[in-house]
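So that the names make sense, note that chain A is the first sequence line, chain B the second, and so on, each numbered from 1.
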2 protein chains.
Amino acid sequence: MDSEIFKRFLEEKGQRLTKERSVILREAFACEGHFDPETLYADMKRRGMKASRASVYRTLSLLCECGLVEKVSKTEHGTIYEQRHGRQHHDHMVCLSCGKVIEFYSEHLEKLQDAICREKNFTGKSHTLEIRGYCGVCASHHDSEGENANDR
Amino acid sequence: MDSEIFKRFLEEKGQRLTKERSVILREAFACEGHFDPETLYADMKRRGMKASRASVYRTLSLLCECGLVEKVSKTEHGTIYEQRHGRQHHDHMVCLSCGKVIEFYSEHLEKLQDAICREKNFTGKSHTLEIRGYCGVCASHHDSEGENANDR
DNA sequence: CTATCCATTGAGATTGAGTCTCAATATATT
DNA sequence: AATATATTGAGACTCAATCTCAATGGATAG
């Protein structure tokens, strides 16, 4: 279980898996996909679970440190994290307007990168591809207007 | 000249190329490479050129709009922009051993990304691809563990 | 030249994400 | 029980970025 991994990680550092940390871990893994700290915090509060904003940020740092969670990117609306345990590699599209993150995976793209690496005599180990632009919803608002398709 | 392009762009919108905007444009193009608004603002001030912080941000928005400049990424320390005029798009390979950065460009890769965007109904505006691994020199020094060029 | 219109500017207020501080509290160890 | 150490949360704080609005300035019509 994820909390076991986290617990072990903490104990190795002489730290503890507290109630608050458990709650935050659960919350982070509940939303299958991406999340940002503020939303996570707000959701938690709404559901009556107690943990301060400070603890949320502190715990997310710890989760990153032990690899269960990863910072994916920064947007106008804050940092986006994603759950990493047991998930397959993929790349991201990030909507510049609403901050939505779309995951995608393309075998073809991966192969092509391998080819480019060979060509440059480079031994690729990992990569990050982020495509920034506008999601379907925001693109339609965006066409007509300038910059005001902003909502949370 | 770049300021000509900017001027034309502004005039089309019924706006003017003011002294402040000129200064900011010049400053942005002076640092060959990347920059962030706060540093640009501070540098400008230090050199005794006058333009408010608000104008810096406003002008950078305009420059992005007309394509002379592009938002490249967001970091802990703010947004990074880069001058786009006359420079070709490229992606990066970063050597984990010696830190060397190799630039590359692949038409095929770009096309493929466009296709993926269409598929996801996403309007791509820009992207960043960073491949991390080992350059030719470092790879040979490295005892090759027979790993393939895969990701995560 | 003068009045008018409207883009532009800048100082400072405001927002919002994220961090830091520190006293109070919880937990483990002896 | 006493001590030591980890943790928490409220709120202060920082910093980038945006917004507000009165003052300015350039262009143009009369």
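Note: CZ (A:Arg21) to P (C:dA26) measures 16 Å, nearest angstrom. Put simply, CD on A:Glu76 is 11 Å from C1' on D:dT18, counting in whole angstrom units. The OH-C1' distance, from B:Tyr41 to D:dT18, rounds to 14 Å in whole Å. Between the NZ atom of B:Lys45 and the C1' atom of C:dG10 there is a distance of 10 Å, given to the nearest Å. In this structure, B:His77 atom NE2 and D:dA17 atom C1' are separated by 16 Å, rounded to whole Å. Spacing between atom CG of B:Leu40 and atom P of D:dA17 amounts to 12 Å, rounded to whole angstrom units. Here the P atom of nucleotide C:dT19 and the CZ atom of A:Arg53 are 12 Å apart, to the nearest Å.
For residues 22-42 of chain A, the ring pair (Phe, Tyr, Trp, His ring centres under 6.0 Å) pairs, not counting sequence neighbours, are A:His34-A:His92, A:Phe35-A:Tyr81.
In terms of the side-chain hydrogen bond (donor to acceptor under 3.5 Å, both in side chains) criterion, A:Arg118 has no residue partners (sequence neighbours excluded). Every residue two or more places apart in sequence or in another chain was checked for a salt bridge (Lys or Arg N to Asp or Glu O under 4.0 Å) with B:Asp2, and none qualifies. A search for side-chain hydrogen bond (donor to acceptor under 3.5 Å, both in side chains) contacts involving B:Thr128 returns A:Arg132, not counting sequence neighbours.
Shown here is B:Lys7, whose NZ atom has no more than 12 heavy atoms of other residues, nucleotides or ligands within 6.0 Å.
Comparing D:dA17, D:dG9, C:dG10 by their closest approach to the side chain of B:Lys50 singles out C:dG10.
Near DNA chain C, defined here as any heavy-atom distance below 4.0 Å, the residues from residues 6-20 of chain A are A:Arg16, A:Lys19, listed numerically. Within residues 55-63 of chain A, the residues that have a heavy atom under 4.0 Å from DNA chain D are, in order of number, A:Ser55, A:Arg58.
A salt bridge does not link B:Lys111 to B:Asp114: none of the charged side-chain nitrogens sits closer than 4.0 Å to a carboxylate oxygen. With salt bridges taken as basic N to acidic carboxylate O contacts below 4.0 Å, none links B:Glu82 and B:Lys71. By the 4.0 Å N-to-carboxylate-O rule, A:Arg16 lies too far from A:Glu11 to be salt-bridged with it.
Of the two residues contacting DNA chain C, namely A:Lys71 and B:Ala51, the nearest-nucleotide position lying further toward the 5' end is that of B:Ala51. Residue order along DNA chain D, read from the 5' end via each residue's closest nucleotide, puts A:Ser52 first among B:Asp36 and A:Ser52.
In the hydrophobic clustering of this structure, A:Val94 does not group with A:Ile102; members are Ile, Leu, Val, Met, Phe, Trp, Tyr whose side-chain heavy atoms approach within less than 4.5 Å, directly or through other members.
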